[in-house]
Amino acid sequence: MAPTLSPAASSSSSSSCDGGGGAFSLDRMLRRPSSSSSSAAAGVSAASPDAMETDSAVTSVADYGFVSPAAAAAANMDDAGVGGGGHAARPPLAGPRSGFRRLGLRGMKQRLLVVANRLPVSANRRGEDQWSLEISAGGLVSALLGVKDVDAKWIGWAGVNVPDEVGQRALTRALAEKRCIPVFLDEEIVHQYYNGYCNNILWPLFHYLGLPQEDRLATTRNFESQFNAYKRANQMFADVVYQHYQEGDVIWCHDYHLMFLPKCLKDHDINMKVGWFLHTPFPSSEIYRTLPSRSELLRSVLCADLVGFHTYDYARHFVSACTRILGLEGTPEGVEDQGRLTRVAAFPIGIDSERFKRALELPAVKRHISELTQRFAGRKVMLGVDRLDMIKGIPQKILAFEKFLEENHEWNDKVVLLQIAVPTRTDVPEYQKLTSQVHEIVGRINGRFGTLTAVPIHHLDRSLDFHALCALYAVTDVALVTSLRDGMNLVSYEYVACQGSKKGVLILSEFAGAAQSLGAGAILVNPWNITEVADSIKHALTMSSDEREKRHRHNYAHVTTHTAQDWAETFVCELNETVAEAQLRIRQVPPDLPSQAAIQQYLHSKNRLLILGFNSTLTEPVESSGRRGGDQIKEMELKLHPELKGPLRALCEDERTTVIVLSGSDRSVLDENFGDFNMWLAAEHGMFLRPTNGEWMTTMPEHLNMDWVDSVKHVFEYFTERTPRSHFEHRETSFVWNYKYADVEFGRLQARDMLQHLWTGPISNAAVDVVQGSRSVEVRSVGVSKGAAIDRILGEIVHSKSLVTPIDYVLCIGHFLGKDEDIYVFFDPEYPSESKVKPDSGSVSLDRRPNGRPSNGRSNSRNSQSRTPKAQAAPERSPSSSSSSQGTPNSHHDWREGSSVLDLKGENYFSCAVGRKRSNARYLLNSSEEVVSFLKEMADTTTAHNGFQSGTADYMFLDRQ
Ligand SMILES: O=P(O)(O)OC[C@H]1O[C@H](O[C@H]2O[C@H](CO)[C@@H](O)[C@H](O)[C@H]2O)[C@H](O)[C@@H](O)[C@@H]1O
Ligand SMILES: O=c1ccn([C@@H]2O[C@H](COP(=O)(O)OP(=O)(O)O)[C@@H](O)[C@H]2O)c(=O)[nH]1
């Protein structure tokens, strides 16, 4: 499995995937169709002849083949790529990375649907129903073409507007030959979605160029419609996926064009396996958060099961954006939202290096090489190959070259820079401006340094075919990659792959993803530092052959072992594993509270106990998200949800119901919110108890050691002062430091540091528990926990109410920290009794009661629960100390001995965690809003039920004294 948030090593780490057995296969995509099959389809003409393959051993870029139906049939595969004996017809793949988990029916292979904005071919119309197809240039296309042995279809836009049905049908047929499926986008949507939102907004932003600044108002106005078009376009891609999806397929969405797609897909079918990979950088959250639609896009991407990036940095930025902007939990594995994990990892892409090496052996390429060698004899040749995009730093590169010429006159006639600038996104004004800017600089420099016979810069505004490109890569002495930002940059990989004999030097921008993999062998530069780049050019041109060789060897080893195929296999394998793990996790998540059953059992029971947490259970929701963090002041002042007042009062007034609010908050907070309710209040995790209409008393175990308080206070003050927007609460038996509103990453670091202090500092031997929440650190005396307290609280209630009927219904709802979840277990009749006493739980302190009588721990309690109830009055006790303002409950009684106060079986015990998926509770409610609806319904139903019964039965009052 790929290590998450660390590079998913693309060469060896996926061997575990083989465990799934069988070959996952995308291989047809790369098979070269026979000439008959490629021209046989009606209306399909061959791609441009100069790009056609001349050596049968190597596939050319132009028809880098997708399987034809005939070829598929020959391999016993149907057109959908799922054939009866498909995989048997093919030899098993060699090597440790060859296997992907095979899912689905025996003999069928898992299929991959690659969804990317662009198909790997662009279509040119040759007549009403005639199309020619040509490979499109670009990193993503090159990488996926390098992926062999996977059974895939590619869904995307053919890069052309086809308004008529005849044309659409013909193109669909032609593309089917290449296992491509078109998404038809009309001109307006392409303008708004592709030129607008993708290339004018997301692309510059993701490459740190910021949002468009001129004419702010117009941008804001356009933004809305462009974003809507973006969503619409993503939905159109999704619609095509639905049509072709078969259960078990893997859907791999690519790039910033399709950030909305994971959501569309999961909304349609939650069981789809969806991966999303970003080919560009993901910027620092400080840049990303300027995007108006930032949250919607993040949330949509998080719908995917697996989210991949080229580098660890991009993955880290993404997780950081999710924590800071959405307020979600970033974990080493990814991003967690309400217990659902989206795995996030780095999967550095590679190339099909063998294809380049083989190409160098082709006669056509050799011819090119010899022509170029002659043409530039006596001069060193430097090469730049880029799409004409501002992120590629072409002007900066040329200016650095100018500076080099300026400072090194001896090189004036001895070096040439060949710059291939492939036109791209030519409809976007920014790109048009860049073209003129580059032309102007090139013209100026050539004018300045050129001679009658030679110019220093050869600038080509066009793409080259594969053979010409390989030849160029092979003959040049230096490659100059000066991207201002670049997701990876495959040109640098391709250059290294073709330099087996020459061992030329790679000058590489430190802002390209490739710098992380090729940084050791390349000369790394900051492209903004023109002087540094100029110096590096000199260094490269004058480098000793020994140094060149060493550097080259390093990079060559990387490029030839981290291939595109490894990349894709690792990603798909990881996606399969992620989904399998998620399914396991889901199985462990408790089910939703069966509210009807809980209400019906409640109605038909005679003596009920409701234990309710307060914070995030009964409180009114406060909008809170990440950095802005909602309303801190409001949230710090806990308030009972206004809609709960009525229902809660109705439940409390029912004679057969005892309600306890059990909270970590201190007494004043509970007094303020529940002072006039007919209920029991337990503050500070149950260390203080207030009976209905009574006074507070303490339930603290005797000898509770509080010597640690001063030291802890000192540590908490120290960290609060140094962590903006954090705060701490000092309670009688605990301290809580809360950093929910602080910068999440800083808060987490500070928390880690604080824990170090607490564990190793002056209180390391104190009798305290350090409890970590998701954004808090709490220190409590040993023995302070809700589970431990409930034992004492229950004893107190039993006494005060002189119970004659056993409690035959318990509902316990709370958003409790792990440590306090022992309360769920305390009542659970089906929980093994041994596990109810946790070594560090407060129940241990019960055994130290001064009367020396063992409190029986949980086993007695459990025995009594499982016995047939015999209503017994609880033992007599001395007058309650609850009348004193700070009394102590009778600690000598043992309310369970010889009595059966609990009559709980599985069906009348409902423990329920709020908003936590990992819980010991039996059930879940997802939010405090759900708690509100549930308690309302319970109260309403009970009122109606009691009303109906009141005329006929008085028994409800008979069970109590
Ligand atoms: O289709 P276009 O709009 O013309 O753009 C071409 C592609 O450019 C981007 O490529 C990125 O992917 C490469 C492979 O992962 C990576 O090496 C490079 O750094 C990126 O810029 C873009 O992400 C693709 O979607 C475009 O198709
Ligand atoms: O004339 C050309 C120039 C470049 N490329 C290919 O375009 C890709 C560029 O990928 P890169 O990752 O360097 O950058 P991107 O253009 O995707 O941002 C490489 O695979 C090149 O081989 C091409 O096919 N024809």
Side-chain angles (χ1 to χ4, degrees), residues 51 60-62 64 114-122 134-147 156-159 190 193-195 198-200 202-203 206-207 253-259 277-282 308-311 314 347-353 355-356 359 383-394 418-428 431 460-473 479 481-495 497-498 508-509 511-515 517-518 564 567-568 571:
S60 82
V61 176
Y64 207 39
V114 171
V115 196
N117 171 61
R118 236 177 231 289
L119 287 174
V121 288
S122 0
E134 249 181 282
I135 199 83
S136 351
L140 171 57
V141 172
S142 303
L144 284 168
L145 288 178
V147 180
W157 172 53
V190 167
Y193 143 78
Y194 180 66
N195 295 332
C198 292
N199 290 333
N200 201 31
L202 292 181
W203 177 268
F206 283 14
H207 290 88
C253 312
H254 287 267
D255 238 345
Y256 60 98
H257 312 92
L258 299 177
M259 291 177 81
F277 186 88
L278 183 66
H279 290 264
T280 70
F282 192 91
F309 299 90
H310 282 314
T311 72
Y314 307 158
F347 300 86
I349 203 170
I351 60 166
D352 179 2
S353 52
R355 179 174 157 240
F356 286 85
L383 177 67
V385 178
D386 309 276
R387 276 181 307 103
L388 189 47
D389 193 309
M390 38 278 180
I391 67 143
K392 301 289 182 183
I394 298 173
L418 308 183
Q419 177 61 49
I420 312 301
V422 181
T424 183
R425 306 169 193 177
T426 42
D427 292 337
V428 181
Y431 287 77
L460 263 66
D461 270 346
R462 48 162 291 205
S463 62
L464 297 181
D465 70 54
F466 181 58
H467 295 165
L469 194 60
C470 290
L472 263 184
Y473 283 146
V481 176
T482 54
S483 312
L484 305 180
R485 294 278 166 179
D486 215 336
M488 179 57 85
N489 190 279
L490 295 180
V491 163
S492 53
Y493 275 58
E494 293 166 4
Y495 176 71
C498 292
L508 178 60
S509 162
F511 299 118
S517 40
L518 305 182
W567 166 73
F571 187 90

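Numbering of ligands and ligand atoms starts at 1, following listing order. Note that the numbering runs from 1 along the sequence shown for the chain.
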Self-check item: Sub-3.5 Å N/O-N/O distance, Tyr194 and ligand 1
Solution: yes
Quiz item: Does any N/O atom on Val385 come nearer than 3.5 Å to any N/O atom on ligand 2?
Solution: no
Quiz prompt | ligand 2-proximal atoms of Met488, by part, heavy-atom distance under 4.0 Å | solution = neither
Exercise. Please could you name the atoms of ligand 2 that Ser463 approaches to less than 4.0 Å, counting only its heavy atoms?
Key: 1 (O), 2 (C)
Quiz item: Which of the atoms in ligand 1, numbered in the order shown and given with their element, are less than 4.0 Å from a heavy-atom of Asp255?
Solution: 22 (C), 23 (O), 24 (C), 25 (O)
Quiz item: Is there any N or O on Gly487 that sits under 3.5 Å from an N or O of ligand 1?
Solution: yes
Quiz item: Given that the side chain starts at C-beta and the backbone is N, CA, C, O, which of these parts of Asp389 lies under 4.0 Å from ligand 2, counting heavy atoms, or is it both or neither?
Solution: neither
Quiz item: Judging by distance only, is a nitrogen or oxygen of Arg462 under 3.5 angstrom from one on ligand 2?
Solution: no
Quiz item: Considering only heavy atoms, does His254 approach ligand 1 within less than 4.0 Å through its side chain, its backbone, both, or neither?
Solution: neither
Exercise. Please check if the distance between the ring centroids of Tyr431 and Trp203 is under 6.0 Å.
Key: no
Quiz item: Does the Asp389 side chain pair with the main chain of Ile391, one donor and one acceptor, at a distance under 3.5 Å?
Solution: yes
Quiz item: Has the side chain of Asn199 got a donor or acceptor atom that lies under 3.5 Å from a matching backbone atom of Tyr194?
Solution: yes
Practice problem: Please confirm whether Leu469 comes within less than 3.5 Å of ligand 2 when only nitrogen or oxygen atoms on both sides are compared. | Solution: no
Self-check item: Proximity flag Trp203 to ligand 1, non-hydrogen atoms under 4.0 Å
Solution: yes
Self-check item: Any donor-acceptor N/O pair, Thr482 side chain to Gly393 backbone, under 3.5 Å
Solution: yes
Exercise. Indicate, as side chain, backbone, both or neither, the part of His279 found under 4.0 angstrom from ligand 2 when only non-hydrogen atoms are considered.
Key: neither
Practice problem: Consider every N or O of Trp203 and every N or O of ligand 2, then say whether any pair is closer than 3.5 Å. | Solution: no
Quiz item: Hey, is ligand 1 close enough to Asn199 that some N/O pair sits below 3.5 Å?
Solution: no
Quiz item: Which is it for Asn489 and ligand 1 at heavy atoms under 4.0 Å: side chain, backbone, both or neither?
Solution: backbone
Self-check item: Spacing of Ile420 atom CD1 and Arg387 atom CZ [to the nearest 0.5 Å]
Solution: 15.0 Å
Quiz prompt | By ring-ring contact (aromatic ring centres under 6.0 Å, His included) - contacts of Phe356 (at least two apart) | solution = Phe466
Quiz item: So which bit of Ile391 gets within less than 4.0 Å of ligand 2, heavy atoms only: side chain, backbone, both or neither?
Solution: neither
Practice problem: Can you label the angle between the His279 ring and the Trp567 ring as parallel, tilted or perpendicular, going by 30° and 60°? | Solution: perpendicular
Self-check item: Those atoms of ligand 2 less than 4.0 Å from some heavy atom in Val422
Solution: 1 (O), 2 (C), 3 (C)
Quiz item: Got a sec, which residues hit side chain to side chain contact (heavy atoms under 4.5 Å, CB included) with Leu202, two or more places apart in sequence or on another chain?
Solution: Tyr197, Phe206, Tyr230, Tyr256, Met259, Leu291, Leu297
Practice problem: Mark the output for Asn117 as yes if a heavy-atom distance to ligand 1 is under 4.0 Å, and as no if none is. | Solution: no
Self-check item: Under 4.0 Å to a heavy atom of Asp486 - the qualifying atoms of ligand 1, by number
Solution: 18 (C), 19 (O), 21 (O)
Quiz prompt | Structural part of Met488 in contact with ligand 1, heavy atom criterion under 4.0 angstrom | solution = both
Quiz prompt | Any donor-acceptor N/O pair, Asp255 side chain to His257 backbone, under 3.5 Å | solution = no
Quiz item: Considering only heavy atoms from C-beta outward, does the side chain of Lys392 approach that of Asp486 to under 4.5 Å?
Solution: yes
Quiz prompt | For Val491, atoms of ligand 2 separated by under 4.0 Å from a heavy atom | solution = 13 (O)
Practice problem: Heavy-atom contacts with Thr424 under 4.0 Å: which atoms of ligand 1 show up? List them by number with element. | Solution: 4 (O)
Exercise. Please identify which atoms of ligand 2 are closer than 4.0 Å to at least one heavy atom of Glu494.
Key: 19 (C), 20 (O), 21 (C), 22 (O)
Practice problem: Go through the steps for Tyr493 and Ser517 under the test side-chain hydrogen bond (donor to acceptor under 3.5 Å, both in side chains), then give the verdict. | Solution: CA-CA 10 Å; Tyr493 275 58; Ser517 40; 2.7 Å; yes
Quiz item: Are any side-chain N or O atoms of Asn195 and backbone N or O atoms of Asp427, one a donor and one an acceptor, separated by less than 3.5 Å?
Solution: no
Quiz item: Hey, looking at atom 6 (C) of ligand 1, which of His310, His207, Arg387, Arg118 has the closest heavy atom?
Solution: Arg387
Exercise. Hey, can you tell me if Phe277 and His254 have their rings parallel, tilted or perpendicular (30° and 60° cut-offs)?
Key: tilted
Quiz item: Would you find a donor on one side and an acceptor on the other, under 3.5 Å apart, between the side chain of Ser509 and the backbone of Phe511?
Solution: yes
